[in-house]
Amino acid sequence: MDSYTHCFLVSTVLMLLILNSNAANPPSKLVQNICKETSNPPNCLSALQPDPRTTSVSTFRDLAQIALQLAIANTTNSQTFIKNMLNSKGNNPHLRHAIQNCVSSYRYAIYSFRSALNELDDDPLTANYDAKVAGDGATNCEDGVASTGQTVAPISTRNQYLLLYSDIGYRITNKL
Ligand SMILES: *[C@@H]1O[C@H](CO)[C@@H](O)[C@H](O)[C@H]1NC(C)=O
């Protein structure tokens, strides 16, 4: 074996070891404790765990900040997704109206998560309330679509994400 091959093999093995140790990283105790309190612990873990910051976080305050940032990013992505549905032809006017209502509900939800993030230090009680009401956007959107007599699975999925992040944000800010 020449030294180049040797070097290649050693670095491959090292890389696999590193990848593997990352995959095996257990969620931090804080994350485990919070997720246990949510209505869907496995979904809570898969929402928080991929963010590498959550493995080393040591205070509820810092975990709240990370979770609310994830909530804002995820809900903004959902809002864009739902907005783009307005471009597709063939939706009847009632459904279009319901989808527009979802876009506004999501705008309000993003605003609530942002407020919660800004209030973490000065007013944790209001932050807790805002994280909770962000979830109303999902219920509002879901009810509006249902009232048209149609089901739009991709929107329902986004509503589930929003409820999940609201639940997580609420449970964490409840500890501050
Ligand atoms: C939003 O969050 C859900 C639930 O954790 C996840 O499955 C989905 O991939 C996220 N979407 C984006 C764009 O991050």
Side-chain angles (χ1 to χ4, degrees), residues 19-20 22-88 91 98-120 127-146 150-176:
L19 284 176
N20 192 40
N22 264 349
N25 253 356
S28 78
K29 267 272 172 310
L30 277 190
V31 170
Q32 276 175 0
N33 289 341
I34 286 297
C35 284
K36 242 186 274 167
E37 292 183 15
T38 64
S39 56
N40 193 325
N43 283 356
C44 171
L45 286 176
S46 47
L48 296 180
Q49 234 182 318
D51 191 306
R53 293 175 296 172
T54 62
T55 45
S56 55
V57 71
S58 59
T59 65
F60 282 123
R61 191 246 167 247
D62 289 350
L63 184 57
Q65 183 174 350
I66 296 165
L68 288 168
Q69 285 169 349
L70 292 174
I72 292 166
N74 197 279
T75 309
T76 303
N77 177 283
S78 294
Q79 192 202 27
T80 305
F81 177 87
I82 296 172
K83 230 186 237 169
N84 287 339
M85 293 183 80
L86 287 172
N87 299 331
S88 59
N91 289 334
I99 295 174
Q100 255 147 8
N101 169 60
C102 288
V103 174
S104 318
S105 300
Y106 272 65
R107 186 178 314 124
Y108 181 69
I110 295 162
Y111 176 81
S112 300
F113 281 138
R114 281 225 183 90
S115 305
L117 182 60
N118 291 332
E119 289 151 356
L120 280 183
N128 184 236
Y129 172 82
D130 280 334
K132 177 95 180 164
V133 297
D136 292 351
T139 317
N140 197 296
C141 166
E142 190 72 23
D143 291 351
V145 172
Q150 310 217 28
T151 39
V152 185
I155 293 186
S156 297
T157 303
R158 264 57 186 198
N159 288 337
Q160 290 304 317
Y161 295 167
L162 176 48
L163 286 174
L164 171 69
Y165 285 98
S166 167
D167 190 12
I168 295 173
Y170 175 73
R171 301 293 166 180
I172 304 178
T173 51
N174 215 15
K175 310 277 186 202
L176 303 178

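Order of listing sets the numbers, starting from 1, for every ligand and every atom in it. Just so it is clear, the model here is predicted, and its values are computed rather than measured. Position 1 is the first residue of the sequence; numbering continues from there.
Counting only heavy atoms of the protein, atom 4 (C) of ligand 1 lies nearest to Tyr161 CD2, 3.7 Å.
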Take Leu120 and Leu68 through the side chain to side chain contact (heavy atoms under 4.5 Å, CB included) test and state the conclusion after the steps.
CA-CA 10 Å; Leu120 280 183; Leu68 288 168; 4.0 Å; yes
Tell me, with the steps shown, if Ile155 and Cys102 meet side chain to side chain contact (heavy atoms under 4.5 Å, CB included).
CA-CA 9 Å; Ile155 293 186; Cys102 288; 4.2 Å; yes
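Atom 11 (N) of ligand 1 lies below 4.0 Å from at least one non-hydrogen atom of the protein.
Using a 4.5 Å cut-off on side-chain heavy atoms (C-beta onward), Thr151 and Ser156 make no contact.
For ligand 1 and Ala47, the ligand atoms under 4.0 Å from any heavy atom of the residue are 5 (O). Every atom of ligand 1 is numbered from 1 in the order shown, and the set under 4.0 Å from a heavy atom of Asn77 is 13 (C).
In terms of polar-atom proximity, defined here as any N/O pair under 3.5 Å, Tyr165 does make such a contact with ligand 1.
The heavy atom nearest to atom 2 (O) of ligand 1, considering only Asn74, Asn43, Thr76, Ile168, is found in Asn74.
Side chains of Gln69 and Arg53: a donor-acceptor N/O pair is present below 3.5 angstrom, by distance only. At a cut-off of 3.5 Å, with distance as the only test, a side-chain donor of Asn159 or Tyr106 sits close to an acceptor on the other residue.
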